[in-house]
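In what follows, a structure is listed as structure tokens, so that the remarks can point back to it.
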Amino acid sequence: MKRKSITIILTLLNLLIFIFFLNNSFNYLDPDLGWHLKAGQDIVENKVVSSVNYYNFTLNNVEWVNHEWFLDAFSYFIYSNFGYIVLSLIFSFLTTLVFYFLYKYLNLKYKGLKDNESLSFNLSFFTYVILSLFGIIAISPHVGLRMQVIALLFFVLFLIILEGYNQKRKRKYIILLPLLFLFWANMHGTFILGLGLMFAFLGIKILEILFYYFNFKKINYAYLWSNKKILTFFSISIFSVLTTLINPYGFKLYDFLSGYTNTFYLSHIQEWLPQYALPVNNWQISYLGISLSLILGVWLLNKYKGIKFNLGDVFLFIFFLYFAISSKRHFPLFFVATMPVFIYLLNKLIVDNKNIFTYSYLNKYINLKYIKYFILFMFFLVITSLVSQIKFTNYPFSDYCYKYPCEAVEFIKNNKDIKEKKIFNSYAWGGYLLWTIPETQIFIDGRMPQLVYKNHTILEEYFEFFEEDKVEEKLEEYNIEAVLIKNNKKEGSATWFERKVLKLNYKERNNYLYNYLESNKNWKKVFSNYVSIIYVR
């Protein structure tokens with residue numbers, strides 16, 4: 001395929017990705033955006049990074065660490081000066097950059113793809129395009145106008161720097177690693193994952209030397225490191241760790257992140273749930289299944305007993321496969337980390353194996369010119385359709401009332417006696433309430449679910465309000481004067497597809513807090529609509 005055609009397709013692909021995630025940003029409101037903007041407002045207006053919590057009465061005057069402080073301040077500045085539309089444009093662009101640099105990473109890893117004898121460039125390119133289209137749908141629940149987008153971008157840049165140093169082709173980029181971690185540590189807590197992978201990569205390169213010494217034939221030894229190169233990388237790694245301490249909290253940042261060892265939130269917050277938990281993401285399950293099938297296919301073909309695997313790629317695949325299965329939130333990292341392996345194995349199955357359809361075989365019967373025109377037409381059609389669907393708004397906190405308690409918030413604002421009460425609130429609405437009624441003291445928000453509170457986490461304390469034998473006790477313990485919760489008598493159950501095809505049939509569970517408030521004479525329902533209910537006593 002000519003370079004001009006490749007450039008056109010890549011440009012259209014990036015445009016489609018940008019439009020897709022822009023449309024995605026206006027299809028929902030991130031539950032955490034409210035508290036991100038509120039924290040950013042405090043930083044910008046007070047010119048100091050917050051360290052003491054005063055947003056809710058349960059954790060009043062408790063120190064907290066905002067590991068996303070820079071992004072929060074940036075987001076508030078853009079939102080307050082230019083509006084939600086511009087903020088959405090910026091985050092959609094950042095997501096597009098992830099895919100742009102992912103392609104750069106693939107080119108670097110496979111020496112420009114077309115120059116690598118073991119890879120068919122055309123097949124690899126089209127595989128990248130198809131996987132990208134598949135990937136944007138699969139990762140869409142976790143990106144958009146969400147802070148973890150920057151973590152995904154830093155992760156791709158991290159992989160590029162490591163691969164450049166590994167191959168000696170871009171080894172000078174290694175000096176950017178400490179700078180990368182400096183920004184990463186001040187924008188998102190996933191920098192700790194990057195540090196772990198950095199030292200794991202160093203261990204893998206040392207392990208390669210040992211395998212080479214013992215003549216282990218299954219490993220690709222194309223990029224063995226010298227002692228000098230290992231020492232240089234180790235020095236850069238130590239310096240990178242030190243740069244992460246240049247943040248408003250110093251060592252407290254590490255202390256805060258260590259709190260994530262409590263895993264209660266992994267089984268109670270939807271996006272942290274494992275892949276087999278409801279609601280099932282069919283796109284992610286499909287991608288994981290195809291990945292595993294591809295590896296199994298290569299493994300079972302006797303002709304490929306001589307395949308030499310890159311030890312680093314094997315580690316990344318296994319490592320992120322585990323995390324992607326155990327938590328849906330980690331799927332985007334799995335997608336980015338394993339796309340190179342996916343493309344490599346697909347080439348091994350189709351290009352090198354002459355008993356399977358080869359690209360040259362297909363080329364005899366399919367005119368690539370028509371495929372190119374078809375692809376261009378489809379890109380134009382999808383982009384046009386997505387653009388027509390975008391529902392632009394600069395008022396997200398009043399335009400997503402089908403999911404958030406907009407009317408209930410207005411009711412609270414207009415009733416001073418309720419506004420000044422201690423309110424127990426639904427966890428998913430905490431961020432929304434911090435932005436819309438910051439002067440009202442609420443029970444919980446999404447900033448610190450893992451924070452230790454009364455010998456367990458604050459999230460565990462929250463869920464005790466929904467236990468049948470503890471509802472009354474907890475309401476009295478905190479002297480709760482008002483309750484704002486979702487208008488749900490029961491929690492949702494499995495869909496037909498999940499019950500019949502995936503054999504998942506979680507039974508509906510009673511909302512005991514709702515039942516108690518409805519039946520107790522001391523509590524009065526003062527507001528109700530299809531989204532929310534307010535009870536007072």
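Predicted model, so just to flag it, every value in this text is computed and none were measured.
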>> With a 4.0 Å cut-off on N to O distance, would you call Glu477 and Lys454 a salt bridge?
In response: yes

> Below 6.0 angstrom between ring centroids: does that apply to Tyr249 and Phe256?
Replying inline: no

>> Quick one, Tyr404 and Thr436 - any side-chain contact, counting heavy atoms below 4.5 Å?
In response: no

>> I'd like to check Leu433 versus Asp445 (side-chain heavy atoms, cut-off strictly below 4.5 Å). Are they in contact?
In response: no

> Where does the angle between the aromatic ring planes of Tyr128 and Tyr103 fall among parallel (under 30°), tilted (30 to 60°) and perpendicular (over 60°)?
Replying inline: tilted

> Quick one: are Gln441 and Tyr54 in side-chain contact, heavy atoms under 4.5 Å?
Replying inline: no

> Do Ser25 and Tyr84 meet the criterion of a side-chain donor-acceptor pair at a distance under 3.5 Å?
Replying inline: no

> For the residue pair Asn186 and Trp69, what are the closest heavy atoms and their distance?
Replying inline: OD1-NE1, 3.0 Å

>> Around atom NZ of Lys403, are there more than 12 heavy atoms from other residues, nucleotides or ligands closer than 6.0 Å?
In response: no

>> So Asp399 and Lys391, do their side chains get closer than 4.5 Å, heavy atoms only?
In response: no

> Which of parallel (below 30°), tilted (30 to 60°) and perpendicular (above 60°) describes Phe99 and Phe335?
Replying inline: tilted

>> Please give me the minimum heavy-atom distance between Leu484 and Ala408, naming the atom from each residue.
In response: CD1-CB, 3.8 Å

> Would you find more than 12 non-hydrogen atoms of other residues, nucleotides or ligands less than 6.0 Å from Tyr516 atom OH?
Replying inline: yes

> CG of Leu22 to CZ of Phe18: how many Å apart, nearest 0.5 Å?
Replying inline: 5.0 Å

> Got more than 12 heavy atoms from elsewhere within 6.0 Å of CZ, Phe239?
Replying inline: no

>> Using a 6.0 Å cut-off, check whether atom OH of Tyr395 has over 12 heavy atoms from anything other than its own residue.
In response: no

>> Are Leu16 and Ile136 packed together at the side-chain level, in the sense that at least one heavy-atom pair is separated by less than 4.5 angstrom?
In response: yes

> Phe181 vs Trp184 aromatic rings, parallel, tilted or perpendicular, using cut-offs 30° and 60°?
Replying inline: parallel

> What are the two closest non-hydrogen atoms of Lys252 and Val65, and how far apart are they?
Replying inline: O-CG2, 3.9 Å

>> As an exercise, state the distance from CD1 of Ile139 to CZ of Phe331, rounded to the nearest 0.5 Å.
In response: 8.0 Å

> Taking atom CG of Asn455 as the centre, does the number of heavy atoms from other residues, nucleotides or ligands within less than 6.0 Å exceed 12?
Replying inline: no

>> Parallel, tilted or perpendicular: which one describes the rings of Trp283 and Phe134, with boundaries at 30° and 60°?
In response: perpendicular

> Is any side-chain N of the basic residue among Arg537 and Glu472 closer than 4.0 Å to the acidic one's carboxylate O?
Replying inline: no

> For atom CZ of Phe199, is the number of surrounding heavy atoms from other residues, nucleotides or ligands below 6.0 Å larger than 12?
Replying inline: yes

>> Is the ring pair Phe424/Phe466 parallel, tilted or perpendicular, if the boundaries are 30 and 60 degrees?
In response: tilted

>> Tell me whether Ser240 contacts the main-chain N or O of Ile236 through its side chain, where contact means a donor paired with an acceptor under 3.5 Å.
In response: yes

>> Applying side chain to side chain donor-acceptor pair (under 3.5 Å) to Thr393 and Tyr400, what does each step give before you reach the verdict?
In response: CA-CA 10 Å; Thr393 178; Tyr400 294 92; over 6 Å; no

> Should the pair Phe411 and Phe527 be assigned to parallel (<30°), tilted (30 to 60°) or perpendicular (>60°) ring geometry?
Replying inline: tilted

> Do Tyr453 and Glu460 have side-chain atoms, one donor and one acceptor, less than 3.5 Å apart?
Replying inline: no

>> Counting only heavy atoms not in Lys525 (residues, nucleotides, ligands), do more than 12 fall under 6.0 Å from its NZ?
In response: yes

> Are Val536 and Asp417 side-chain neighbours, meaning at least one heavy-atom pair lies under 4.5 Å?
Replying inline: no

> Which pair of heavy atoms, one from Glu481 and one from Lys421, lies closest together, and at what distance?
Replying inline: OE1-CA, 3.4 Å

>> Taking the ring of Phe264 and the ring of His456, is the distance between their centroids below 6.0 Å?
In response: no

>> How close do Ser426 and Ile485 get, counting heavy atoms only, and between which atoms?
In response: OG-CA, 3.3 Å

>> Contact between Phe91 and Met147 at the side-chain level, heavy atoms closer than 4.5 Å - yes or no?
In response: yes

> Would you call Leu33 and Tyr79 a side-chain contact if the rule is heavy atoms closer than 4.5 Å?
Replying inline: no

> Considering all heavy atoms of both residues, which atom of Ser398 and which atom of Cys406 are nearest to each other, and what is their separation?
Replying inline: CA-SG, 4.3 Å

>> If we ignore hydrogens and angles and just use 3.5 Å, is the side chain of Thr243 paired with the main-chain N or O of Pro178 as donor and acceptor?
In response: yes

>> Name the residue from Phe158, Phe154, Phe183, Tyr254 that meets the ring pair (Phe, Tyr, Trp, His ring centres under 6.0 Å) definition with Phe191.
In response: Tyr254

> Can you tell which of Phe155, Tyr322, Phe317 makes a ring pair (Phe, Tyr, Trp, His ring centres under 6.0 Å) with Phe334?
Replying inline: Phe317

